[in-house]
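Down below is the structure, laid out as structure tokens.
Chain A is the first sequence line, chain B the second, and so forth, proteins listed ahead of strands; every chain is numbered from 1.
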2 protein chains.
Amino acid sequence: MQEKKKIPKSVASRLSLYLREISRLEDEGGDKVSSVELGELTGLTDAQVRKDLSYFGQFGTSGSGYEILKLKNILRDLLGKDNIWHIVLIGAGNIGSALLRYPGFKNQGFIIKEAFDIDQKKIGKCYGEVTVKDVRQINDIEKDRSIKIAIITVPVDSAQDVAEEVTRYGIICILNFSPVILKVDEGVTVRNIDLSNELENFSFILTSAKG
Amino acid sequence: MQEKKKIPKSVASRLSLYLREISRLEDEGGDKVSSVELGELTGLTDAQVRKDLSYFGQFGTSGSGYEILKLKNILRDLLGKDNIWHIVLIGAGNIGSALLRYPGFKNQGFIIKEAFDIDQKKIGKCYGEVTVKDVRQINDIEKDRSIKIAIITVPVDSAQDVAEEVTRYGIICILNFSPVILKVDEGVTVRNIDLSNELENFSFILTSAKG
DNA sequence: CACTGTGAACCCGTTCACAGCA
DNA sequence: TGCTGTGAACGGGTTCACAGTG
């Protein structure tokens, strides 16, 4: 009945998944979707889809499903898809420079606005509209208060230092590729992408399967 | 009391985290560690550390903690760190080629043995010891039964096809970078790394913070 | 009749709290 | 005394099952 309960983290992290599949359906010319269908597309159960969607109001139609356009707009709204988000990237190595070159972000409203590295060989390199600067100038980002997101792709030893620095300069969301748990102030959100961890998980699975 | 209960997924995914911190402690010359210390290093509670470790036998010493060397060996063992794992990578684009160039995997025992792409411009390119082959030859991997892990870094539309193909050829672990839920046979493990999803999560946080 | 919306039941992982041990 | 090992309590998220609705 109530308009909006607080959306739990678990639900929030599925929002973009829903939006993605909804958008695909829209592209294919659909206009309604049931919780069962959406469940199949997202790999979730129908009950979960319904419960998730119920967190932000009820707009399904009994007997026919959800209106795709309506649902899409609500999800876009929640996810702030009409905004453009500015990002700073620190560490223009292998992964870092791949992200700088990656065109997908821009289409999604994410723009890497600044990039830094400590290595003279990398400083000055240009990727699209971004030129890699000396990390000693990182406090430049303080001037640009629109930058709230940092991507950290530096070696593990410097990651904590970098995290502390960028949070001092207004960053409140960090996507961390270094295999280390960052300690950050309250109010800062960190998400980790740990390739080695993922692979070692496989290693564990494969090892115990042999067992 | 019992030697080994089955290790839950949640615990398994922290194993490499423990090993990492334990190894660091060892490098620093430590020889014992308490659950409290290890908890601080890993960002977990001490209770959780103890419970996790208790899943694979008891080897802590009351009053003094865990022997680092012993713990390390057990973790290495569980994670199969003495093995070398072979990997096939499909999609030598931005991210894919960054992974091909990334030296960290090899040190950890993960070797990208084969790489494929559909794009003539990428086929034939050489990264270290790996040369990118035409994806039409992907059934080559069937001969090499040592390859159990695939990294999929292809555009979203081809990801499902690629997944089906590689699982036909003996792959049972997939690290998927495409923003799509892969449908795979029972017994195949998929882990997703979804950059856009992570960023959209930030977008959600930043949007709702503005409230 | 098909499908939504949602309390209730369930499940599983985390945390608590303390007995047991060196 | 300090720290482990672990049952018990807790909590959040998922699933169930069904009443309600167009």
Q. Taking only N and O in the side chain of B/Ser34, is any of them less than 4.0 Å away from OP1 or OP2 of D/dC3?
A. no

Q. Taking the side chain as C-beta and beyond, is there a heavy-atom pair between A/Ile205 and B/Arg191 under 4.5 Å?
A. no

**Q.** Most 5' of B/Phe59 and A/Thr61 on DNA chain D, judged by nearest nucleotide
**A.** B/Phe59

Q. Whole-Å distance between D/dG2 C1' and B/Leu38 CG?
A. 17 Å

Q. Between B/Asp46 (CG) and C/dC16 (P), how many Å, whole number?
A. 9 Å

Q: Would you indicate what A/Gly60 reaches in the nucleic acid, counting non-hydrogen atoms under 4.0 angstrom: base, sugar-phosphate, or nothing?
A: sugar-phosphate

Q | Distance test, side-chain N/O of A/Thr45 to OP1/OP2 of D/dT15, below 4.0 Å | A | yes

Q: Before accepting this row, confirm whether a basic side-chain N of the pair A/Glu164/A/Lys183 lies closer than 4.0 Å to the acidic partner's carboxylate O.
A: no

Q: Take atom CG of B/Leu44 and atom P of C/dG13, then tell me their distance rounded to the nearest Å.
A: 15 Å

(Q) As a test of reading the structure: which of C/dT14, D/dT6, C/dT6 is closest to the side chain of B/Gln58, going by heavy atoms? (A) D/dT6

Q: Give the rounded distance in Å between these two atoms: CG of B/Leu71 and P of D/dG5.
A: 10 Å

Q | Minimum-distance nucleotide (side-chain atoms of A/Ser54 versus C/dG5, D/dC16, D/dT6) | A | C/dG5

Q | Non-hydrogen side-chain atoms of B/Ile172 and A/Phe202 separated by less than 4.5 Å | A | no

(Q) If the cut-off is 4.0 Å, is B/Tyr66 near the phosphate of D/dG5, judged by side-chain N/O to OP1 or OP2? (A) yes

Q. Expressed in angstrom and rounded to an integer, what is the separation of A/Lys70 atom NZ from C/dT4 atom C1'?
A. 13 Å

Q: Consider the side chain of A/Ser62, meaning its heavy atoms from C-beta on, and name the nucleotide among C/dT6, C/dC21, D/dT21 that approaches it most closely.
A: D/dT21

Q) Going by distance alone, is a donor N or O of one side chain under 3.5 Å from an acceptor N or O of the other, for B/Asn201 and A/Ser13? A) no

Q: Consider the side chain of B/Ala47, meaning its heavy atoms from C-beta on, and name the nucleotide among D/dG22, C/dC16, D/dT14 that approaches it most closely.
A: C/dC16

Q. For B/Lys32 and D/dC3, what is the distance between atoms NZ and C1' respectively, to the nearest whole Å?
A. 11 Å

Q: Measure the distance from CG on A/Asp52 to P on C/dG5 and round it to the nearest whole Å.
A: 12 Å

Q: Answer yes or no: is there an ion pair linking A/Lys143 with A/Glu114, defined by an N-O contact shorter than 4.0 Å?
A: no

Q.
Quick check: on DNA chain D, is the nucleotide nearest B/Gly65 upstream (toward 5') of the one nearest A/Arg50, or the reverse? Name the residue that is more 5'.
A. B/Gly65

Q.
Can you measure B/Tyr55 atom OH to C/dT14 atom P for me and round it to whole angstrom units?
A. 9 Å

